[in-house]
Amino acid sequence: MDWKRESIEKLKGYEARRQAVKSVEAELAMLEDDFVSLQSTATDGIRVTGSGGDKESARLSNIARRGELARVLKQTKLQVTMVECALVMLSDDARRVLELFFIKPCEGYVEKLCGELNISKTEVYRIKDRGLYRFTLALYGATES
């Protein structure tokens, strides 16, 4: 396995996953509210032919959707936590360099880093390579297969 490539992909997806946690939590809250309203519209036990099936189907669909979203949320939170724990192991400069290279790239990021850190382009790339090595080691415990 190419651990370095895996690490880069984790960094590139980090911001989207952080946002996904917020979105999925909001969706789960909305589904929970919907489920409560579906429960409160239950009939008094007298079933009329042709009624109730749609509500029961909606309740079951809601339960299934919440279950799937809860699973996705748990997995996504774990992925975010893994990246955050590995980033903590880096120096401030290395974290900033990896952020602009992979997490939040912007136009002219190398020059921006040169100005921010008061270093040459060569040093920016050295910090990136060392930072990525340390990040990969912190994330996976290995850097080569």
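We number each residue from 1, following the sequence as shown.
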Student: Where is the tightest heavy-atom contact between T76 and A20, given as atom of each residue plus distance?
Tutor: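 Scanning both residues, the minimum pair turns out to be CG2-CB, 4.3 Å.
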Student: Rounded at 0.5 Å granularity, tell me how far CZ in R96 sits from CD in E116.
Tutor: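 Separation between the atoms: 4.0 Å.
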Student: Could you check whether any side-chain heavy atom of K128 comes within less than 4.5 Å of a side-chain heavy atom of L98, counting everything from C-beta outward?
Tutor: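 Side-chain contact under 4.5 Å: yes.
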Student: Under 4.5 Å between any side-chain heavy atoms of I127 and L113, yes or no?
Tutor: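 No, side chains not in contact.
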Student: Can you give me the closest heavy-atom contact between G131 and L90, atom names plus distance?
Tutor: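 Heavy-atom minimum between the residues: O-CD2, 3.6 Å.
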Student: Please tabulate, for the side chains in residues 21-33, all donor-acceptor contacts under 3.5 angstrom to protein atoms that are two or more places apart in sequence or on a different chain.
Tutor:
| from | atom 1 | to | atom 2 | distance (Å) |
| --- | --- | --- | --- | --- |
| S23 | OG | Q19 | O | 3.3 |
| E25 | OE2 | K77 | NZ | 3.2 |
| E27 | OE2 | R65 | NH2 | 3.3 |

Student: Do I119 and D93 touch side chain to side chain, with heavy atoms closer than 4.5 Å?
Tutor: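 No. Closest side-chain heavy atoms not under 4.5 Å.
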Student: When hydrophobic residues are tied together by side-chain contacts of less than 4.5 Å, even through go-betweens, does L87 share a cluster with I8?
Tutor: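 Both belong to a single hydrophobic cluster.
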Student: Counting C-beta onward and ignoring hydrogens, is there a side-chain heavy-atom pair between Y109 and K104 closer than 4.5 Å?
Tutor: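 They are not in contact (no side-chain heavy atoms under 4.5 Å apart), so the answer is no.
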Student: Between K121 and E111, is there a side-chain N and carboxylate O pair less than 4.0 Å apart?
Tutor: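 So K121 pairs with E111 through a salt bridge.
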Student: Compare all side-chain heavy atoms of V110 with those of Y125 and state whether any distance is below 4.5 angstrom.
Tutor: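 V110 vs Y125: side chains touch.
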Student: Looking at residues at least two apart in the chain, or sitting in another chain, which of them share a ring-ring contact (aromatic ring centres under 6.0 Å, His included) with F102?
Tutor: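 Result, ring-ring contact (aromatic ring centres under 6.0 Å, His included) vs F102: none returned.
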Student: Please work out which of the three classes, parallel, tilted or perpendicular, describes the rings of Y140 and W3, given edges at 30° and 60°.
Tutor: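 Answer is tilted, since the angle falls between 30° and 60°.
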Student: Let me check something: do M1 and F135 share a hydrophobic cluster, defined by ILVMFWY side-chain heavy atoms less than 4.5 Å apart, either directly or through other members?
Tutor: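 In one cluster: yes.
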Student: Ignoring hydrogens, what is the shortest heavy-atom contact between C114 and V124? Give both atom names and the distance.
Tutor: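 Scanning both residues, the minimum pair turns out to be SG-CG2, 3.8 Å.
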Student: Answer yes or no: are there more than 12 heavy-atom neighbours, outside R17 itself, under 6.0 Å from its atom CZ?
Tutor: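 Enclosed: over 12 neighbouring heavy atoms sit under 6.0 Å from CZ of R17.
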Student: Could you walk me through whether R66 and I63 pass the side-chain contact (heavy atoms from CB on, under 4.5 Å) check?
Tutor: CA-CA 5 Å; R66 283 185 296 141; I63 291 167; 3.5 Å; yes
Student: Could you tell me the separation between the CZ atom of R59 and the NZ atom of K55, rounded to the nearest 0.5 Å?
Tutor: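 Rounded to the nearest 0.5 Å, the CZ-NZ separation comes out at 8.0 Å.
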Student: Look at R95 together with E99 and state whether they make a salt bridge at an N to O cut-off of under 4.0 Å.
Tutor: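 No.
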Student: Are E68 and R71 side-chain neighbours, meaning at least one heavy-atom pair lies under 4.5 Å?
Tutor: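 In contact.
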Student: If you define the side chain from C-beta out and look only at heavy atoms, does anything of E9 sit under 4.5 Å from K12?
Tutor: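 A side-chain contact exists here, since the closest heavy-atom pair is under 4.5 Å.
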Student: Please name the pair of heavy atoms, one in L132 and one in K4, separated by the smallest distance, quoted to 0.1 Å.
Tutor: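 Nearest pair, atom of L132 first, then K4: CD2-CE, 3.5 Å.
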Student: To the nearest 0.5 Å, tell me how far L78 CG sits from C85 SG.
Tutor: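 That separation rounds to 10.0 Å.
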Student: Give, for atom CE of M82 and atom OG of S7, the distance between the pair rounded to the nearest 0.5 Å.
Tutor: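 Taking CE in M82 and OG in S7, the distance rounds to 9.0 Å.
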